[in-house]
Amino acid sequence: MADVPQVPTLSIPEVKLSSSSGGRNMPVIGMGTAADPFDETALKEAILEAISVGYRHFDAASLYKSEKPLGEAIAEAIKFGFIASRDELFITSKLWCTDAHPDLVLPALKNSLRMLQLEYLDLYLIHWPLSAKPGKIGFPVPKDEQLAMDFNSVWAAMEDCLRFGLTKSIGVSNFSCKKLENILSFATIPPSVNQVEISPLWQQQKLREFCKSKNIVLTAYSPLGAKGTRWGTNEVMDNETLKEIANAHNKTVAQVCLRWAFEQGLSFVVKSFNKERMRENLQIFDWGLSLDDHKKINEIKQHKTASIAGWSWYWLPSDNTLYRTPF
């Protein structure tokens, strides 16, 4: 268990969410909780360590099975005095495909809150632009259980979650420009956030420009390539250009990747169970990359890194399109 620390006072920049009730801002860096392999005890201890070194933003999902250990870690962090109350934290969770139906959105959020032992979320996201036959949460979703999402009705249910005070903000994940345009065409409350894969090897320039024009915060997952997971790759951390830039600044490759994301105006979630790397990942706000660094990063060959290992395809009838999904 984490030792009772003197919790550091860190100045972590925050981003304003466009449709947040109460005006809650989101810390730009968060800890991801999609662990592979999944070990509930190890995850809970890692979250406690993260809180103790200064993390205040945690990204969970019903699919990850991380809500229960996150909730337990929050309760223990308050008990140990790492934080005074839950209000010091920014907690995100996600609606899985099997619950992406108008009548199941609210029950799914209430179940997430029960697992987290919380009264509200700070951000609730639609995990994928896909529905599935209601039932057990799991991945991959069998092809014969995949369904086109009724975006209008599901988003209306997400808006109800915000109106009822069960979440402070709502958003989406893995949405393309086309999908976002569809949501924006009828939304009463537009999505505050779109969480997608972004790294120096998959920079998503078109999507970044679109989200900026629509005042949607873009959050990067797998900003380091998710090295060591079934769905990840070593290519980001082993990239020679990034190593060269890191050596020039006496920083780690991870710090260069996160600083790059920050300078692009992104927020990001990153996962490490190593306390020293947790600290290093927070130490990115008091230095900067040069114009030459950015030029070199812009010249890195682009490809979707997280699709290299362990991705499967799903068919979305409404688009007549094949999409990739992780795990």
Side-chain angles (χ1 to χ4, degrees), residues 9-34 47 50-51 53-61 64 66-67 70-71 73-74 77 83-95 109 112-113 116 118-127 158-159 161-162 165-175 180 183 187 189-198 204 207-208 210-224 257-271 278 281-285:
T9 301
L10 297 176
S11 179
I12 296 177
E14 297 182 339
V15 290
K16 182 176 177 58
L17 301 183
S18 61
S19 303
S20 176
S21 65
R24 185 73 193 271
N25 294 336
M26 180 174 72
V28 297
I29 184 169
M31 179 180 176
T33 62
I47 292 168
I51 294 173
V53 302
Y55 285 82
R56 293 295 180 265
H57 174 188
F58 294 87
D59 181 81
Y64 306 159
S66 61
E67 292 168 329
L70 175 55
I74 293 170
I83 53 175
S85 75
R86 172 265 180 272
D87 294 341
E88 294 183 27
L89 303 178
F90 189 101
I91 306 299
T92 300
S93 197
K94 306 182 187 76
L95 175 78
L109 174 51
S112 290
L113 292 173
L116 286 160
L118 299 179
E119 294 182 356
Y120 69 91
L121 292 177
D122 296 285
L123 178 62
Y124 196 42
L125 305 177
I126 297 176
H127 205 151
M158 293 286 287
E159 292 180 347
C161 291
L162 191 151
L166 299 178
T167 183
K168 301 294 185 182
S169 300
I170 51 177
V172 296
S173 182
N174 300 298
F175 272 53
L180 288 170
I183 291 281
I189 303 172
S192 294
V193 171
N194 184 24
Q195 186 182 121
V196 299
E197 180 199 346
I198 300 180
Q204 300 254 50
L207 183 61
R208 282 161 44 199
F210 179 86
C211 287
K212 183 177 181 180
S213 73
K214 302 300 182 181
N215 202 24
I216 297 172
V217 172
L218 203 53
T219 298
Y221 68 73
S222 300
L224 311 181
C257 291
L258 298 180
R259 180 67 198 187
W260 171 83
F262 177 64
E263 293 187 11
Q264 303 310 304
L266 303 171
S267 62
F268 36 91
V269 292
V270 61
K271 179 181 66 65
M278 287 182 190
N281 291 341
L282 290 175
Q283 295 167 358
I284 61 167
F285 301 115

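Source: prediction; values computed, not measured.
Put simply, the side chain of Leu121 reaches to within 4.5 Å of the side chain of Leu116, judged on heavy atoms. By the 4.5 Å heavy-atom criterion applied to side chains, Lys94 and Asp59 are counted as neighbours. Taking the side chain as every heavy atom from C-beta outward, Pro13 and Phe285 approach each other to under 4.5 Å. Residues Ser169 and Val193 fail the side-chain proximity criterion, which asks for heavy atoms closer than 4.5 Å. Inter-residue side-chain proximity for Ile198 and Trp260 is flagged as met; some heavy-atom pair is nearer than 4.5 Å. Counting heavy atoms from C-beta outward, Thr219 and Tyr221 have side chains that stay 4.5 Å or more apart. Side-chain contact between Ile47 and Ile74 is absent, with no heavy-atom pair separated by less than 4.5 Å. Side-chain contact between Met158 and Leu95: present, with at least one pair of heavy atoms (C-beta onward) separated by less than 4.5 Å.
The backbone N or O of Leu89 sits less than 3.5 Å from a side-chain atom of Arg86, completing a donor-acceptor pair. Proximity of a side-chain donor or acceptor of Tyr55 to a complementary backbone N or O of Met278 within less than 3.5 Å is detected. Put simply, the side chain of Glu159 gets close to the backbone of Ile189: a donor and an acceptor are under 3.5 Å apart. A donor-acceptor distance shorter than 3.5 angstrom exists from the side chain of Ser19 to the backbone of Pro190, with no hydrogens or angles considered. A donor-acceptor contact shorter than 3.5 Å links the side chain of Asn174 to the backbone of His127. Looking only at distances, a side-chain donor or acceptor of Gln204 sits under 3.5 Å from a matching main-chain atom of Glu197. Formation of a donor-acceptor pair under 3.5 Å by the Asp122 side chain with backbone atoms of Ile91 is found in this model.
One finds the CZ atom of Phe90 at 7.0 Å from the OG atom of Ser20 (value rounded to the nearest 0.5 Å). A distance of 11.5 Å separates CG in Leu118 from CG in Leu166, rounded to the nearest 0.5 Å. Within the model, atoms NZ of Lys168 and OG of Ser192 stand 13.0 Å from one another, a figure rounded to the nearest 0.5 Å. Rounded to the nearest 0.5 Å, atoms CG (Leu258) and CZ (Phe268) are 5.0 Å apart. Distance check, rounded to the nearest 0.5 Å: CG of Asn25 to OG of Ser267 gives 12.0 Å. Taking CG of Leu70 as the reference point, atom OG1 of Thr33 lies at 6.5 Å (rounded to 0.5 Å).
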- Show your working on side-chain contact (heavy atoms from CB on, under 4.5 Å) between Leu218 and Gln264 and close with a plain yes or no. CA-CA 10 Å; Leu218 203 53; Gln264 303 310 304; over 6 Å; no
- Message: One pair to check against side-chain contact (heavy atoms from CB on, under 4.5 Å): Val217 and Met26. What are the steps and the verdict?
- Response: CA-CA 10 Å; Val217 172; Met26 180 174 72; 3.9 Å; yes
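Salt bridge annotation for Arg24-Asp87: absent, with no cationic side-chain nitrogen under 4.0 angstrom from a carboxylate oxygen.
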